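Note that the coordinates shown come from a computational prediction; the quantities given were computed from them, not determined experimentally. For the numbers below, each heavy atom of this structure counts, side chains included, while hydrogens, waters and symmetry mates do not. Residue numbers begin at 1 in each chain, while the letters A, B, ... track the order of the sequences.
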2 protein chains.
Amino acid sequence: MLGNDGEALPTAAKEIPPELQGLRMTKQRREVYSVLLHNRDHPTANEVFGRVQADMPSISLATVYNCLDALVDHGLINRVNFDREPSRFCVNLTPHVHFQDKKSGVIHDLSFKDGCQITDVLDLPNGTEVSELELTIRGFLPKGS
Amino acid sequence: MLGNDGEALPTAAKEIPPELQGLRMTKQRREVYSVLLHNRDHPTANEVFGRVQADMPSISLATVYNCLDALVDHGLINRVNFDREPSRFCVNLTPHVHFQDKKSGVIHDLSFKDGCQITDVLDLPNGTEVSELELTIRGFLPKGS
DNA sequence: AGACATAATTAGAACTATTCTAATTATGTT
DNA sequence: AACATAATTAGAATAGTTCTAATTATGTCT
């Protein structure tokens, strides 16, 4: 259903980054994280479940939810919400927003223009502390992108 | 739970704007819309249900959902989603984003700086057509705003 | 290594916001 | 008034997610 952006990807498992400190890296969490690293198409929990089952048929859906929560809590992945659709998960930790192409359904990560952030264009009271910010866009990409 | 921003508000019912063309204005839809106009605190469907029941005890929750959907479809109100929490509803039709103060829980409408829009700071491919865009922010307002 | 405390996993039940179904009622039109 | 159509309603159904309680794994301390 959803495609893959096709970037070069690390081979995971062996290359799990140091943010993992403080998170008990169980087989299940490693596998969930690895699945997310290998196919960065913003899968839902259920899609992750399906992919993990290929390597680990005995895992339960509850565990997938638990693992995803743990990874989000430790800042290794992000949760992405479009409206009230099922949450999706994203390993891209750089500041970005999400754009879903209405033709293909593919979700793309969109960066900011150099040196820009969203709050540059917003009328925020001086001294406001932003803790969480989520921007989702749907639309049509130009032909041939 | 949620407060009211305290703006001057029209008395509704009598002052329903012309966008209503094409929408059959039933007692229930009028009442739902009127409730939203009178207290602009971004209530959930369930909160709207509770408020409408004061004037119209026989209304059903399904009708409230139907009415909200109809009003959204006709562009009279907007649906607001924070994560996967219950949808909230907003009569403000001007371009704005939503900020929830983590201290009070109150949701504020935030405007753009003069002449700015979000896409100004985003790296969108040239010719991208944006159909829907939602930005939600959570954080802390400075003391005494 | 063995024993212990703690945390993670699991299956399944439970929960909640929302949507659906089918029957009834209201609306606007001829 | 009669008709066709759309809206309302109660309640059942659905779907994503969370909870519960039992089991298993993990890391630590001796």
In whole Å, I'd like the distance from the [atom1] atom of [X] to the [atom2] atom of [N].
X: B:Q28; N: D:dT8; atom1: CD; atom2: P; value: 5 Å
X: A:Q53; N: C:dA11; atom1: CD; atom2: P; value: 10 Å
X: A:R24; N: D:dA25; atom1: CZ; atom2: P; value: 13 Å
X: B:M56; N: C:dT25; atom1: CE; atom2: P; value: 17 Å
X: B:D83; N: D:dG16; atom1: CG; atom2: P; value: 17 Å
X: B:D69; N: C:dA17; atom1: CG; atom2: C1'; value: 12 Å
X: B:K27; N: C:dT25; atom1: NZ; atom2: P; value: 13 Å
X: A:E47; N: D:dG16; atom1: CD; atom2: P; value: 10 Å

I want to check one thing: is the phosphate of [N], taken as OP1 and OP2, less than 4.0 Å away from some side-chain N or O of [X]?
X: A:Y65; N: D:dT18; result: no
X: A:R29; N: C:dA8; result: yes
X: B:R84; N: D:dG16; result: no
X: B:T63; N: D:dT9; result: yes

Has the side chain of [X] got a donor or acceptor atom that lies under 3.5 Å from a matching backbone atom of [Y]?
X: B:R29; Y: B:R24; value: yes
X: A:D83; Y: A:E85; value: no
X: A:D120; Y: A:Q117; value: yes

With sugar-phosphate meaning primed atoms plus P, OP1 and OP2, does [X] contact a base, only sugar-phosphate, or nothing at under 4.0 Å between heavy atoms?
X: B:T44; value: nothing
X: A:N66; value: base
X: A:S58; value: sugar-phosphate
X: B:T26; value: sugar-phosphate

(message) Check this for me: does any side-chain nitrogen of one of A:E134 and B:R138 sit under 4.0 Å from a carboxylate oxygen of the other?
(response) no
(message) Closer than 4.0 angstrom, basic N to acidic O: yes or no for B:R88 and B:E47?
(response) yes
(request) State which of C:dT18, C:dT10, D:dT9 makes the closest approach to the side chain of A:S60. (result)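 For the A:S60 side chain, the nearest candidate turns out to be C:dT10.
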(request) Ignoring the backbone of A:A45, work out which of D:dA10, D:dT17, C:dT18 is nearest its side chain. (result) D:dT17
(message) On a heavy-atom basis, which atom in B:T44 and which in B:P86 lie closest, and how many Å separate them?
(response) CG2-CB, 4.0 Å
(message) Is the distance between the ring centroids of A:H98 and A:H42 under 6.0 Å?
(response)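 Yes - the distance between ring centres of A:H42 and A:H98 falls below the 6.0 Å cut-off.
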Check the interface with nucleotides 12-16 of chain C: list each N/O to N/O pair with the protein under 3.5 Å, or write none.
none

(message) Does any part of the side chain of A:F82, heavy atoms only, come nearer than 4.5 Å to the side chain of A:I107, both counted from C-beta?
(response) yes
